[in-house]
Amino acid sequence: MTDPSVIEAKALEREGGAGYPDTYYVATAKGLTPSQPLDGSTDCDVCVVGGGYTGTATALHLAERGYKTVLLESQRIGWGASGRNGGQFCSGQRIEPAAMTKLMGAERARRLWDLAEESKAIVRERIARHAIDCDLRPGLIAAAFKASHLPEIVDYAESLRDDYGYPHIRPLSRDELREMLGTDLYHGGCIDSDAGHLHPLNYVLGLARAAREAGVAIHEETPATAISRDGGGHRITTARGDVRADRLVLACNGYLGGIERRIAGKIMPINNFIIATEPLGEDRARSVIANDAAVADSKHVLDYYRLSADGRLLFGGGETYRAAYPKDIAGVVRPCMLKVFPQLEDVRIDYAWGGTLAITMHRLPAYGRLDEGLYYAQGFSGQGVALTSLAGKVIAEAIDGETDRFDLLASVPSPQFPGGTLLRWPTLVAGMLYHALLDRL
């Protein structure tokens, strides 16, 4: 098994070095700008390492509070999971309220739900305020892959409605779901009309544009090779110069690598894969997903999919637990798509790509501080489109002395994976392969 601390180097190797990968999102990107790598050394109030959702959102919030902020990105803005994911814009935390209550107690579980709801509001506010053209659309369906999965999905929807007063979700019978989706595979589910989906790369590019306009110095193609204490602050070393900052934010997520080993064992980088079909045309697209909602099923290794703005089916499925991607990504994901929609057998696949995300043991984001003035947020476990924008806000609050909300998020248990960064890999593989087997039984 490959130690995931080398995953970023492997990612660079398979992507052919710097620059964006060949994905549908890059082909339809709006707002790509020339890279401006760091040139020499500089000082700032806060240095943010990582140019995905968490990093760009944090930098933007900090600049709005008056902090001189520098953002370093090893590749390009949104190069990692923020620019490659399924675009699903979810409600709540990564685990359902009942499990959160068991873990954190009822009062803190409710506060965490409310924070997650705020995260959706932050995304919508940013899109509106900065005119980010990212195709945000409503509706997210959870589909029961097995009949035995349906009661849990229905209980989840009813609990949100009855216990949390959330009016936007309702259960779906098998017949109701069949009217929405062109498949007989599922046994029912639920639909959340306040969740939805968007173009993930265009959203993060919009955040970066807003951050630049607010005064953030963004330096792409500038990998941070080391961090160290420097007097009362921090020194971030790169091949193009050093950044000296009073405070430091690590927003690297699945590409943390070995830059800060004290938190590396809290996350596990895994790879997931997506294909984009040719445009289906209006009628055929609506025969697949009638109401234009995004969909995620209840398998352990889940399928997730949605229609793009130009009528393609974007379908995610399959995952690997080592640094290398499959040689034929479309050959891995297309059979998953055809199990759901066999009527698309004749449809051409125009794009196929992979990306690396980070999961935690509890599938809840890991927040914390290291040393004086070093903050991190990572491990959004597939639910980062909304929650990362919240992360940016609460990190900026904490740096500005308002620590209550950050401390609540940091109080969520975030254990190291058993065996540390070396042995966590085979342990996870064994567990995930077991759960993948359950999907087939």
Side-chain angles (χ1 to χ4, degrees), residues 88 90-120 140 142-171 188-192 194-195 263 265-268 270 296-302 304 357-368 376-388 390-391 394 403-419 424 427-428 430-432 434-436 438-439:
Q88 298 203 354
C90 304
S91 298
Q93 299 287 344
R94 181 63 175 80
I95 64 176
E96 67 275 10
M100 183 68 80
T101 297
K102 185 176 180 180
L103 182 67
M104 300 291 293
E107 188 272 335
R108 287 197 294 170
R110 179 57 193 259
R111 288 182 64 194
L112 288 164
W113 164 266
D114 290 341
L115 280 174
E117 284 299 280
E118 182 181 340
S119 73
K120 294 191 301 183
L140 179 59
F145 179 68
K146 295 181 179 181
S148 60
H149 297 170
L150 183 58
E152 183 176 347
I153 292 175
V154 171
D155 286 347
Y156 167 72
E158 292 179 344
S159 174
L160 288 183
R161 182 193 63 202
D162 298 339
D163 300 335
Y164 279 15
Y166 183 70
H168 307 292
I169 194 167
R170 66 180 180 90
C190 70
I191 183 167
D192 184 347
D194 199 53
I263 60 173
K266 293 177 178 288
I267 55 172
M268 174 72 71
I270 64 173
D297 71 16
S298 60
K299 293 194 298 183
H300 292 283
V301 183
L302 77 162
Y304 54 95
L357 66 148
I359 63 172
T360 62
M361 285 283 288
H362 290 312
R363 304 302 190 266
L364 294 167
Y367 290 78
Y376 67 88
Q378 59 182 15
F380 292 89
S381 302
Q383 200 157 320
V385 174
L387 292 178
T388 47
L390 172 73
V394 298
T403 63
D404 179 65
R405 285 149 45 105
F406 182 89
D407 290 343
L408 172 63
L409 291 165
S411 73
V412 176
S414 180
Q416 299 269 341
F417 276 87
R424 64 182 174 174
T427 302
L428 177 81
M432 296 301 280
Y434 168 73
H435 285 113
L438 293 181
D439 289 338

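Note: Arg405 CZ to Leu115 CG = 5.5 Å, rounded to the nearest 0.5 Å. To the nearest 0.5 Å, atom CG of residue Asp194 and atom CD of residue Glu117 are 6.0 Å apart. The CD atom of Gln93 sits 7.5 Å away from the CD atom of Gln383 when rounded to the nearest 0.5 Å. Rounding to the nearest 0.5 Å places CD1 of Ile270 at 4.5 Å from CG of Leu357. In this structure, CG in Leu364 is found 8.0 Å from CG in Leu112, a value given to the nearest 0.5 Å. The CG atom of Leu140 sits 7.5 Å away from the OG atom of Ser91 when rounded to the nearest 0.5 Å.
Ala391 approaches Phe380 most closely through the heavy-atom pair CB-CZ, 3.9 Å. When all heavy atoms of Gly188 and Leu150 are compared, the pair lying nearest together is C-CD1, 3.6 Å. Taking every heavy atom of both residues into account, Met104 and Pro413 meet most closely at SD-CD, 3.5 Å. Heavy atoms only, all atoms of each residue included: Ala296 and Gln88 are closest at CB-OE1, 3.7 Å. Scanning both residues, Leu408 and Ser411, for their nearest heavy atoms gives O-OG, 2.6 Å.
A search for side-chain hydrogen bond (donor to acceptor under 3.5 Å, both in side chains) contacts involving Glu96 returns nothing, not counting sequence neighbours. In this view, Ser414 satisfies the side-chain hydrogen bond (donor to acceptor under 3.5 Å, both in side chains) rule with no residue, not counting sequence neighbours. Looking at residues two or more places apart in sequence or on another chain, you find no side-chain hydrogen bond (donor to acceptor under 3.5 Å, both in side chains) involving Glu152. In terms of the side-chain hydrogen bond (donor to acceptor under 3.5 Å, both in side chains) criterion, Tyr367 has no residue partners (sequence neighbours excluded).
For the pair Met100/Trp113, no side-chain contact is recorded, criterion being any heavy-atom separation below 4.5 Å from C-beta on. Between Leu103 and His362, some side-chain heavy-atom pair lies under the 4.5 Å cut-off. Looking at heavy atoms from C-beta onward, Ile267 lies out of side-chain contact with Ile359 at the 4.5 angstrom threshold. For the pair Lys299 and Asp297, the minimum side-chain heavy-atom distance is below 4.5 Å.
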Which atom pairs, donor and acceptor, lie under 3.5 Å between side-chain atoms of residues 153-165 and protein residues at least two apart or in another chain?
from   : atom 1 : to     : atom 2 : distance (Å)
Ser159 : OG     : Asp163 : OD2    : 3.2

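A donor-acceptor contact shorter than 3.5 Å links the side chain of Ser298 to the backbone of Phe145. Looking only at distances, a side-chain donor or acceptor of Ser381 sits under 3.5 Å from a matching main-chain atom of Thr360.
Annotation: salt bridge (Lys or Arg N to Asp or Glu O under 4.0 Å) contacts involving residues 102-113, sequence neighbours excluded, comprise Arg110-Asp114, Arg111-Asp404.
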